[in-house]
Each structure stands twice: as C-alpha cells, then as structure tokens.
Amino acid sequence: MATVHKINEDLVKERQKCTFNVQELTYLLDGGEEVTKERREFENILRNVKELQDEVPEVYLSHKERYENAVRKTCILQNVRNDFEKKREVLSPRNIFRAGYAVIKDVSPFFLHNGMFVPTIIGQGTPEQQAEWLPKAKAMAIIGTYAQTELGHGTFIRGLETTATYDAKTEEFILNSPKVTSYKWWPGGLGTTVNHCITVAQLYINGKKYGIHPFIVQIRDLETHKPLPGIKVGEIGPKMGFATANNGFLGFQNFRIPRKNMLMKNAQVLKDGTFVKGMNEKLTYGTMVMVRVNIVSDSAFHTAMAATIAVRYAAVRHQSQLKAKEPEVQIIDYLTQQHKLFIAIATSHAFSNTYTWLYQAYLKVVEDLGKQKQDHLPELHALSCCLKATSSRDAGVIVEQCRLACGGHGYMASSNLPIIYGYTTAAITYEGEHTVLLLQTARYLMKAWMSALEGKVLAPSVAYLVDWLKSDKQRWQNTPEVIVKGFQHVAAGKIKDAFDAIQKHVKAGKDYEDAWNLASVQLIKASEAHSRAILCDGYLRETVRTSSSVSPSLAKVLNHLVQLYIVYWTLETAGDLLVYSNIGKDDIAVLKEKYEELLALIRPNAVGLVDAFDISDEILQSTLGSYDGRVYERLMEEAMKSPLNKEPVNQSFHKYLKPFIKKAKL
Ligand SMILES: CCCCCCCCCCCCCCCCCCCCCCCC(=O)SCCNC(=O)CCNC(=O)[C@H](O)C(C)(C)COP(=O)(O)OP(=O)(O)OC[C@H]1O[C@@H](n2cnc3c(N)ncnc32)[C@H](O)[C@@H]1OP(=O)(O)O
Ligand SMILES: Cc1cc2nc3c(=O)[nH]c(=O)nc-3n(C[C@H](O)[C@H](O)[C@H](O)COP(=O)(O)OP(=O)(O)OC[C@H]3O[C@@H](n4cnc5c(N)ncnc54)[C@H](O)[C@@H]3O)c2cc1C
C-alpha cells in the first residue's frame, strides 16, 4: 500500500486562505462536471496500472531504452483507453492528451498518429477513403504520422521536392525523393514506430506539375515491420527535447501506391489522369489549421503545469528575511515572485478562454466548407496563425520564467520544468514557424486595412479598424474595456504604419515583394499587437460571460485574473500605448498601483488557483510541484535513484582517479 504523507503545513495554510470553491473552477476549466469526472476516472485507472510505473527514472535510460520504454507504455495506455471506451463514452481528446502525460514523461511516439494522421484522413479523405482507413487507424491496426517537412523545406511547402507521378497505365502514383534535400525529415513516430504515413508530395501528371497533395502510404511491412522495398526510413537522432517522439526521415525510390491512396476530398485525379481542381487549393493545408487551433489549448496546459509547480514550490520554499529578526519568509511573499508567477496563472486562463471560442470558430468553418461555403476561412487562417504563434511563444517565456522562479531546483530534471520547456519551445517552431505565421496574419491585416479604407464591412476580428478610422479620440479610462480598446488602437496604428511603409517603398520604385520584406519587422509587430488585442478582448468577453453563471466568490477571482492579465500587458507595452492611444503618463502610474493591488488580491488564492487546474502528481511528475509539498524529501528520494548512488565507490576511481592522484606531484 502506498504511504500517505502529511501535507506540508504552508500548503495547508494556503489552502485554508482560499476564498473560492476550487472544485467549481476545475469544472469550469474542464468544460463541465461530467468532463472532470470522466478525466479523473480515467487518470485513476492509469494510476493503478503497475506496469506504467517506472522502476528507473527515464532520464537515466539510454536513448534506445527510453524510446522502447515509451512504446511499451504507450501500448498499455492505448489498451487501457480501449477498455475504458468499451464501457463508456469515447474520451474527449483533451482528456486523452492530458492523461498521456501521466504515462509518457516526454512526448509519445504515437503523438502524430492521434494528432495529425487520423485528423488528416478525416479532413482530407473522401467518404470511401475514410471508410477504408479510419476504422483501422482508430483501432491502431495501422499506425501513422504526417510526413510533410523535408530536409530542404519546412516553411515553404510549395517548394517540397518529393514527387508523386501518375502512371495512368497502372493507375498508380510513383513516389520519388530525387535529392537529399527532398528526404522527409522530422515527422514524429516515423523513425521506428509507424507503418503508414500521410506523405505530402508534388503531383505530376503527363509531365505537368499540379502542386502539393496528401497521399496515404504504407512504408513498413505489417508483419515484420521491415521497410518496404523502395523505402529508406530511420530516426533523426537526439534533439533539444521530444526525446521519445521518435522523429524520423524518409526517402522514396520509385515506390508505387494505388491511385486511391491520394486523399481526394479536395482535388482529385481520375483514372485516365484527368486532374479535377478542388474548391480552394489551400484546403490541403487543413490539418495544419486544426493543429494550430489545438496548440492554443496545449499552451494553456503547459502554462498551467509550470504555474502549478512554481506556485506550490514558492509557497513551500522559505528564503531570506523581509525584516531582521523575523523568520525567513515564504518566497511567494516577495512581490517580485508574485509578478513572475501570477501572470502564469492568468495566461493559462487567457489561452483556455481563447481556445474555447477559437475552436467553435474552427468547427463553424468546417461545417460551412461541407456546404461549399468558404467565406470565413481567411479569417480563421489569420486568427489561428497569430494565436498559435503568440500562445506558444508566451508559453515558452512563461515556462522559463517559472523555472527561474524556482531558483537552482528549477534546473533539476526532477522538477520537470526542463522537459516542459523542451515541449513548449518546440511548439514555437513546429506547425508553422513563429515569424512565418505572424507574417501570414499580416497579409490578412494588410488586406483588411485596404478594405477599411475603402469603407467595406470587415470580419469581426478586424472590425476595430473601421471604428479606429471613424474616431480614435476615445477618452482614456483605466477600465478593462477601455484598455482593450487601447490595445486595438495600438494594433490599428501599427497596421497602418506597416501598410504605409510598404506603400512608401513601392512609391520609391520597389517591387511589392521587396517592399513587403523591407516592412516585415513592422508587419510582425502589427501582427503581434493584433494578437494581443484579440487575446485580451476574447478573454475579457468570456470572463464577463461566464461570471454570470458561477458563484459570486469565483466570479470575483476570475475578474481579478483577467484584470491582472490586461494590466500586466498594458505595463509591458506602455510605450506602444503612449504612441498609439490616449493613455497618459498619469494613467500608467495609476495602473502600476492597480497591478500591485491585484497581486495582493490574488495572493491568498494563488495555491487554490493552481489546485483548480487539477493536474495530478502523476501528470506533473515534479519534485517541486506535488500536491503534498514534500519538496525536499522528494528531491532527496529522486537523487537517491541516480545509478551513481547505487555503489559506494564507482569503478572510475580505481581505473582513472586513483592512478591520476597517485601520479600527481605536490
Ligand atoms: C488547465 C488547462 C486546461 C487545458 C487542458 C488541455 C490539455 C491539452 C490538450 C490539447 C489537445 C490538443 C493537443 C494538440 C497537439 C497536436 C499534436 C500535433 C503535434 C504537431 C507536431 C508538429 C507537426 C508539424 O510541424 S507538421 C508540419 C507543419 N508545417 C507547417 O506548418 C508549414 C508552414 N507553412 C505553411 O503553412 C505554408 O507554406 C505558408 C502558409 C507559410 C505559405 O503557403 P503558400 O506559399 O502556399 O501560401 P502564400 O503564398 O503565403 O499564401 C497564399 C494564400 O493562401 C492563404 N493561405 C495560406 N495557408 C492557408 C491555410 N492554411 N488556410 C487558408 N488559407 C491559407 C494565404 O492567406 C494567402 O491568401 P491571400 O488571400 O492570397 O493573401
Ligand atoms: C519537435 C518538432 C517536431 C516536428 N514534427 C513534424 C512532423 O511531425 N511532421 C512534419 O512534417 N514536420 C514536423 N516538424 C517540422 C516543422 O513543421 C518545421 O520545422 C517548421 O514548420 C519550420 O520550418 P523550417 O524548419 O523549414 O524552418 P525555416 O523556414 O527554415 O526557418 C528558419 C528561419 O527562416 C525564417 N523564414 C523562413 N521563411 C521565411 C519567410 N517567408 N519570411 C521570413 N522569415 C522566414 C524563419 O522565421 C526562421 O527564423 C517538426 C519540427 C520540430 C522542431
């Protein structure tokens, strides 16, 4: 039976101070009591699966052992999930992803199967293709990944070099990787796990190029798992993080697949080689849009994990004295510590709220596309690009800030903060590199600005441009609503500046493309400002909406958090607000005080707020962040697991140190 330890006294006191019902907030964050119950039930089952507990911490395993252990545990997780879903509803994807962290300390080698392979079959396959592959993929009779990026190209996917040449005689596509730069590089699980993949390749029919399209390709024998003839596949080696994601490379040599393996929901190739264009060629990029939306939720979760670890640790840790002769204080009582940590809590809420409406917008576009309507696609693309870029970047910064807030112990692998950082920082690059996505949104913003100048009606997310053109002289007030308008003014001002900069270069004789490049620093700043305005506006709206349906004590705390988020970003971007809005120096002074007041208001609820994220110890995997606060005991227990502590004298002493010391001359 597991030993039950006493909860750290500081944490007990912190929990007594909490002014709201923690459970109520957990239900709200999960999306309802039923979702929480389902999640806890599943996590409880996993907690009791003995085979999922590691005897040796993963960090001490070799690269190969670590991968093999991850595959072993992922298979157990999948079986437990299947059993669970036989008896009840299908688990929500968010709950599955969350539980995965309790099993695989790093990234699962099946990550891309569930994250992109299955969704691409759904999003890009015809009903017949779905009927053929979905049941097998969902049951994991086939395991796949999403192989798009190549050694030579990740961002500019129109430049991909893998070719799929149609052979009408045999009704097959012939896949080839003509150069080293055309080898697929990066796909998760590709290394040694998957037997299928979605390959994105340039389509050629009768010598003519028809752009990139997705193909479903079996790459390994289902029985022996050996690469099929014509396939060269392997693992790309160690990375900064993603240790168990099993990222791989893949090359084709005259590898034939049947015609029906081109996913043809959008464009089609008929038997005789006739190419039928889809409604919009960018629909081929659909899976990426979906994943970008999900990354906002993922960023909320990583921020919540880091906040939970760092806030609990800050409540347990005592260091230095505020006043001489008084005991050392909990480090959470230093205002600078609160400044580092409470924004982490608020940021997680901001992203969760943003995800809620962004996901609804995504579902609406998918529904519309089913009816051949694509009016809202450009807006969704622009939103998903800048919100993915900003949320992953902010999450990376926040996780690192939480690590630093834990002092030296934050640097320990056993704090789990380094692994969480490895994950969040990867998300800044994958699924569309940060700058590149901001520039995609900037394209949309430049068009929106033109439309605003022409007096056209704009999509809701950019409608503030029209308001700004009509009158930008709103009197400043230090209320969240007016501050959000201020962020919109900053965005509108930067959009106008970037637009004018392009025009200036064009008037000076530059091509539009060169003018774009010359203005691109301003363009990404405009995109960032737009993103911040969207985040603050959406977070505020959602908080106002939910506040009416929760208890007054919770509504009050949610209100403190959203205010903190908005005031924090006002102070961070004060220079921009001074340039582009009617805020004055005196308003900033008042907001500095307001910020300090908000930190004080949130202080008694800090531990309650992270408890409400309800991230179990098995998922957190952190010596510093566990629910019971046994920080020092856990650090020592984990240190004792080091293989170097298993023997009193390491053999290197006899082999090297002893002769070395003996030789040393005084
Ligand atoms: C307590 C807290 C609670 C929270 C709990 C939650 C728990 C957590 C649960 C989370 C669940 C979900 C977890 C999610 C995890 C998902 C798993 C997956 C992991 C992923 C691993 C990484 C995988 C990859 O990286 S795959 C490869 C990705 N690659 C890219 O993204 C490539 C980037 N490049 C591009 O997209 C393009 O090349 C691009 C857009 C840069 C340029 O394309 P192109 O050259 O063709 O276009 P342009 O000429 O620039 O533009 C022309 C025109 O097209 C428009 N356009 C472009 N793209 C799109 C599009 N996608 N859709 C619509 N339109 C598009 C563009 O705007 C232009 O329009 P104009 O009108 O002409 O301006
Ligand atoms: C952990 C991880 C997992 C991944 N998993 C997968 C996967 O499963 N499947 C898959 O297909 N891919 C995967 N990828 C690949 C990933 O999608 C790409 O790395 C990403 O899209 C960035 O492309 P790139 O590497 O070509 O960067 P590059 O485009 O070469 O970027 C390098 C620099 O050039 C700049 N740059 C490039 N183009 C422009 C431009 N037009 N304007 C201004 N600046 C520009 C960028 O801003 C960046 O600073 C993964 C990557 C990582 C790190």
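For ligands, and for the atoms within them, numbers begin at 1 and follow the listed sequence. These numbers were taken from a predicted model, which means no experiment stands behind them.
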Salt bridge (charged side-chain N to carboxylate O under 4.0 Å, His left out): pairs with one or both residues in residues 99-122, sequence neighbours excluded: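 Salt bridge (charged side-chain N to carboxylate O under 4.0 Å, His left out) check on residues 99-122 returns Asp54-Lys105.
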Would you check whether [X] has a nitrogen or oxygen atom less than 3.5 angstrom from a nitrogen or oxygen atom of ligand 1?
X	answer
Tyr430	no
Asn294	no
Ser297	no
Gln440	yes
Ser352	no
Ser348	no
Phe156	no
Gln148	yes

Hey, is [X] touching ligand 1 through its side chain, its backbone, both or neither, going by heavy atoms under 4.0 Å?
X	result
Val289	side chain
Tyr444	neither
Arg292	side chain

Looking only at heavy atoms of [X], does any of them come nearer than 4.0 Å to an atom of ligand 1?
X	result
Thr155	yes
Lys447	yes
Leu29	no
Glu281	no
Gly154	yes

Look at atom 48 (P) of ligand 1 and say which protein heavy atom is nearest, naming residue and atom and giving the distance to 0.1 Å.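 The closest one turns out to be Arg443 NH1, 3.9 Å.
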Nearest non-hydrogen protein atom, atom 26 (S) of ligand 1: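 Here the nearest protein heavy atom works out to Glu431 OE1, 3.4 Å.
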Name the residues in contact with ligand 2, where contact means a heavy atom under 4.0 Å away: which are they?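 Lining ligand 2: Leu112, Tyr146, Gln148, Thr149, Gly154, Thr155, Trp186, Pro187, Gly188, Phe242, Asn247, Ala426, Thr429, Tyr430, Glu431, Gly432, Glu433, Thr435, Val436, Leu439.
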Centre-to-centre under 6.0 Å for Phe613 and Phe301, is that the case here?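 Not close enough - the centres of the two rings lie 6.0 Å or further apart.
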Suppose we call two aromatic rings close when their centres sit under 6.0 Å apart. Are Tyr101 and His302 close by that rule?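 Under 6.0 Å, so yes.
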What is the ring orientation for Phe156 with His153, classed by angle as parallel under 30°, tilted 30 to 60°, or perpendicular over 60°?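 Tilted: the ring planes of Phe156 and His153 meet at 30° to 60°.
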Output yes when a side-chain donor or acceptor of Ser177 lies under 3.5 Å from a complementary backbone atom of Phe252, and no otherwise.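 The answer is yes, because a donor-acceptor pair under 3.5 Å joins these two groups.
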Please tabulate, for the side chains in residues 439-453, all donor-acceptor contacts under 3.5 angstrom to protein atoms that are two or more places apart in sequence or on a different chain.
from   : atom 1 : to     : atom 2 : distance (Å)
Gln440 : OE1    : His381 : NE2    : 2.8
Thr441 : OG1    : Ala382 : O      : 2.9
Thr441 : OG1    : Cys386 : N      : 3.2
Thr441 : OG1    : Leu437 : O      : 3.4
Ser451 : OG     : Lys447 : O      : 3.1

State whether a side-chain donor-acceptor pair under 3.5 Å links Thr36 with Asp30.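 Present: a donor and an acceptor within the cut-off.
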Residues forming a salt bridge (Lys or Arg N to Asp or Glu O under 4.0 Å) with Lys277, sequence neighbours excluded: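 Testing Lys277 for salt bridge (Lys or Arg N to Asp or Glu O under 4.0 Å), a comparison that skips the adjacent residues, returns none.
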Assess whether ring-ring contact (aromatic ring centres under 6.0 Å, His included) is satisfied between Phe242 and Tyr423, documenting all intermediate values. CA-CA 7 Å; Phe242 267 55; Tyr423 200 136; 5.5 Å; yes
Apply ring-ring contact (aromatic ring centres under 6.0 Å, His included) to His349 and Tyr539, showing your working. CA-CA 8 Å; His349 282 251; Tyr539 182 18; 7.1 Å; no
Phe613 heavy atoms, cut-off 4.0 Å: which ligand 1 atoms fall inside?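 This gives 1 (C) as the contact atoms.
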